[in-house]
Amino acid sequence: MTRATLKSAVAALALLAAAPMAMAEDLVIGLRAGPDSIDPHWSTLGSQAEALRHIYDTLVDVDDNLQLKPGLALSWEAVDDTTWDFKLREGVKFHDGTDFTAEDVKFSIERIPEVTGPMSMTLYTKYVDSVEVIDDYTLRIHTKGIAPALPNDFTRLFVVPSETGMEARNEEFNSGAKAIGTGPYKFVSWQPKGDLVLEKFDGYWAETPIWEKVIRKEIPDDAARVAALRSGEVDLINYVPASDYLAMKNDSDLETFISDSVYILNVQPSVVDEEPQPITINGEPVDGNPLQDVRVRKALDLAINRDVLVDVVLEGLGTPANQLMPEGFFGYTDELGAREYDIEQAKALLEEAGYPEGFEIDFTCTNNRVPGDAVVCEALAQMWSRLGLTVNAQALNGTVFFPAAARKEYTMAMSAWGTLTGEAAYTYGALTHTPDEEKGFGNFNRTGYSNPEFDKVFDEGAQTLDPEERRKLYEQASYIAMEDRALIPTVILQTVWAADKDTLSFAPRVDQETRAYEITPVE
C-alpha cells in the first residue's frame, strides 16, 4: 500500500465513520527484523514472537505496558501450591474452522520441548510438570513446586491445533501447511528475510481486524527502511535509527512515536576455564581466563561511560542501566546505585588483577537485534581501549550471532534482553542461574557463571508464594548477580516508530512489538 493509497483510505474512513469495519485496506510495515520461522515454538526472539502473534494467540496476553490480560485463557487461579487451573474461551475457531479446546493447549505445551529450534522455548514451560485436561475449556497445570510466575510465562505460550502432530517440522510451517492459529490474521506467504503476507481472519474471536491485508517487509538496513517510508513504499517503520530521529521528528510530513522499552544491552563475559576465543598478550594466549577475575569484570564495567552511550552514541534514545531489568520491575533492587564511570579505578583494578598492560580480546555483538546495537558495540570497544585493551569488535546478523551464542562460542559478547514478563524469574533465572535442566533455569546462561549463593537465594524466591517475600528474595538475588558482574548492563533502549503525518493511530509498546491489529487509520 502506497502513501497515496493510505491517505485515500484515511479520507474514506472519515466518510464511513459510522461503519469503520466496512473498510478493506492494506497496511505495509517496514521492520528491521522478521521471523526466522513460521513455527511459533521455534525461537524465543522478540522479532519472532511479534510477527507470529498475528497468526497464533497466546494463552495469556499483555497490554502495551506488560500487564497481564486474558488471551485464549479468560481466567486463571492457583488451586494449591503446585496446581493452576486455566479457564479457556469458548467459541474460538482455528483458521481451518476447527474448534479450539484444552487439548490444543496441552499439545502445544508438550510440543515445545520436542522442537529443535536455535533458542528453546522451554524457558516458558520450565515450571510445568504435567498437563491435565479437565474438560474442553478447563486446563489444569501441575507444576514443579510452587510456580507463582506461571501465568507470566504463558504470555509466550503460542497455541497450535493438536492435529498439527508432534512430527510436524519447520518446513511445513514455513510453507503454510501447518501455519494454522486462532489469531487475527491468516498466513498467506513468507519469504525468509523478505515479506510476510497476512490476510484478515473474519472468524477471529475478538474484534475483527480493520486491515484486509498486512504485509510485514523485513528491511534490516536502517537507511533503506527510512527511505522506504519516505518514498511511500511502506506505511510505518520500526526502529528509527538515532541518527535519523531528530530530522524525522522535525519533518512536518512525518510523525514519530517514541516509547521506553524493556530491552537492555548486556555485556556477557565468559567465565569458563578455557575461554572459547583466546585472550592474548603480544599474540600469546594468557594463562587462565582473565574474565574469571571479578576485578577484571569490574574494570570493564567502570570503563563504560553510560552517559556518553546514551547522549552521544544513541543521541538521547536510552537511559543508563545498572541491572538487568528496568526500575520498578518485580525484583529490581534499589540497593544498587547508578554505575559510575571511573577509568583510573578501572586501570588500577586491571593492574591489581595482573594485567597492567591490558590484553587482546574478541567482542561479538548483534547488528540487527535492536536499535543501536552495532554502534554501542563499537563505542564499548573504544572505551575499553582506554584501559589498554585491544578489542576486536564484530557485529553480526542475529541469524549468525544467536546460534553461535547458544553453542557458547564467544569469549565476550553483547546482545539485548527484555524482561517480557515483568519479573526477575524470567531474566535472572534464564541468564545468571547455574544451568539446571530439571528446574528449567540457566537455559540462556551463555557465560558459564555459577554462584551457589545466588542460586540458593533465587531458588528460595522461586518457591515462595507470598509476593512481598518473593520480591525481597529476588531483589537480593539481583544484587548478588550484579555485584558479581555476572553480566554487565549498559543502556536501556528507547524505541522509535515513524509514519506519514496524520495517517495512523498507534500506541507504542514497551516490548517494542508492532502489532498490526492495534494500529488504525486516523479518522
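- Look at Arg216 and Glu50 and you find a salt bridge, because one of the NZ, NE, NH1 or NH2 atoms lies within 4.0 Å of a carboxylate O, short of that distance.
- For the atom pair CG of Asn368 and OG of Ser47, the computed distance is 8.0 Å after rounding to the nearest 0.5 Å.
- Looking at Asp36 and Ser43, their side chains never bring a donor and an acceptor atom within 3.5 Å of each other.
- Between the side chain of Asn322 and the backbone N or O of Gly337 there is at least one donor-acceptor pair closer than 3.5 Å.
- Atom OG1 of Thr427 sits about 11.0 Å away from atom CZ of Phe444, to the nearest 0.5 Å.
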Original post:
Hey, mind stepping through Asn397 and Asn367 against side-chain hydrogen bond (donor to acceptor under 3.5 Å, both in side chains) and telling me if it holds?
Top reply: CA-CA 5 Å; Asn397 189 284; Asn367 67 6; 4.5 Å; no

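- Between Cys365 and Phe363, some side-chain heavy-atom pair lies under the 4.5 Å cut-off.
- In this structure, Asn445 and Thr447 have side chains that are in contact, with non-hydrogen atoms separated by less than 4.5 Å.
- More than 12 heavy atoms of other shown residues, nucleotides or ligands fall within 6.0 angstrom of atom CG in Asp466.
- Within the 4.5 Å cutoff, the side chain of Trp76 has no heavy atoms near those of the Phe154 side chain.
- The backbone N or O of Glu513 lies less than 3.5 Å from a partner atom in the side chain of Asp511, making a donor-acceptor pair.
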**OP:** Check step by step if salt bridge (charged side-chain N to carboxylate O under 4.0 Å, His left out) holds for Asp436 and Lys126.
**Re:** CA-CA 10 Å; Asp436 188 321; Lys126 59 182 178 292; over 6 Å; no

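- Within 6.0 Å of atom CD in Glu327, 12 or fewer heavy atoms from other residues, nucleotides or ligands are found, so the atom counts as exposed in its surroundings.
- The residue from Leu387, Ile281, Thr280 that alone fulfils the side chain to side chain contact (heavy atoms under 4.5 Å, CB included) condition with Phe359 is Ile281.
- Two residues are said to be in side-chain contact when any heavy atoms from C-beta on lie closer than 4.5 Å; Asp459 and His433 meet this criterion.
- In this structure, Glu340 contributes its side chain and Asp342 its backbone to no donor-acceptor pair below 3.5 Å.
- When side chains are defined from C-beta on, Leu431 counts as touching Leu324, because their heavy atoms get closer than 4.5 Å.
- When Thr82, Asp85, Ile109 are each tested for a side chain to side chain contact (heavy atoms under 4.5 Å, CB included) with Ile141, only one passes: Ile109.
- In terms of modelled atom types and a separation under 3.5 Å, the side chain of Glu218 and the main chain of Gly34 share a donor-acceptor contact.
- Contact check on Arg89 versus Asp57 returns no salt bridge, with no Lys/Arg side-chain nitrogen under 4.0 Å from an Asp/Glu carboxylate oxygen.
- The CG atom of Leu420 sits 7.0 Å away from the OG1 atom of Thr155 when rounded to the nearest 0.5 Å.
- Counting only distance, with no hydrogens or angles, the side chain of Gln494 and the backbone of Gly318 share a donor-acceptor pair below 3.5 Å.
- Counting heavy atoms from C-beta on, the side chains of Leu150 and Phe86 come closer than 4.5 Å.
- Here the side chains of Thr364 and Phe401 are in contact, with some heavy-atom distance below 4.5 Å.
- Remark: the backbone N or O of Phe158 is paired with a side-chain donor or acceptor of His41 at under 3.5 angstrom.
- Evaluated for a side chain to side chain contact (heavy atoms under 4.5 Å, CB included) with Leu349, the options Asp301, Val294, Leu302 yield exactly one hit, Leu302.
- With respect to Asp39, the side chain to side chain donor-acceptor pair (under 3.5 Å) criterion is satisfied by exactly one of Arg111, Gln48, Lys178: Arg111.
- Residues Asp64 and Arg515 are not paired through a salt bridge, judged by the lack of any N-O separation under 4.0 Å between the basic side chain and the carboxylate.
- A distance of 8.5 Å separates CD of Glu475 from CD of Gln323, quoted to the nearest 0.5 Å.
- For the residue pair Leu300 and Trp384, the shortest heavy atom distance occurs at O-NE1, 2.9 Å.
- Sparse packing is recorded around CG of Asn282, with 12 or fewer heavy atoms of other residues, nucleotides or ligands lying under 6.0 Å away.
- Aromatic ring centroids of Tyr474 and Tyr428 lie 6.0 Å or more apart.
- With a 6.0 Å radius and a threshold of 12 heavy atoms from other residues, nucleotides or ligands, Glu352 has its CD atom above the threshold.
- Proximity of a side-chain donor or acceptor of Arg485 to a complementary backbone N or O of Arg295 within less than 3.5 Å is not detected.
- With hydrogens and angles ignored, the 3.5 Å screen pairs a side-chain donor or acceptor of Thr411 with a backbone N or O of Gln277.
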**OP:** Kindly determine whether Asp153 and Tyr426 satisfy side-chain hydrogen bond (donor to acceptor under 3.5 Å, both in side chains), including the steps that lead there.
**Re:** CA-CA 8 Å; Asp153 285 348; Tyr426 177 85; over 6 Å; no

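- Between Asn443 and Gly440, the shortest heavy-atom distance links the atoms ND2-O, 3.4 Å.
- Within a 6.0 Å radius of NZ in Lys456, other residues, nucleotides and ligands contribute 12 heavy atoms or fewer.
- If you check the side chains of Thr143 and Asp129, you find no donor sitting under 3.5 Å from an acceptor.
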Original post:
So Arg407 and Glu409, salt bridge (charged side-chain N to carboxylate O under 4.0 Å, His left out) or not? Walk me through it.
Top reply: CA-CA 6 Å; Arg407 296 190 297 268; Glu409 293 181 0; 2.6 Å; yes

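- Thr138 contributes no side-chain N or O that, together with a main-chain N or O of Ile134, makes up a donor-acceptor pair within less than 3.5 Å.
- Although no hydrogens or angles enter the test, the distance criterion places no donor-acceptor pair under 3.5 Å between the side chain of Thr419 and the main chain of Thr421.
- Ile304 has its side chain out of reach of Tyr341: every pair of non-hydrogen atoms, C-beta onward, lies at least 4.5 Å apart.
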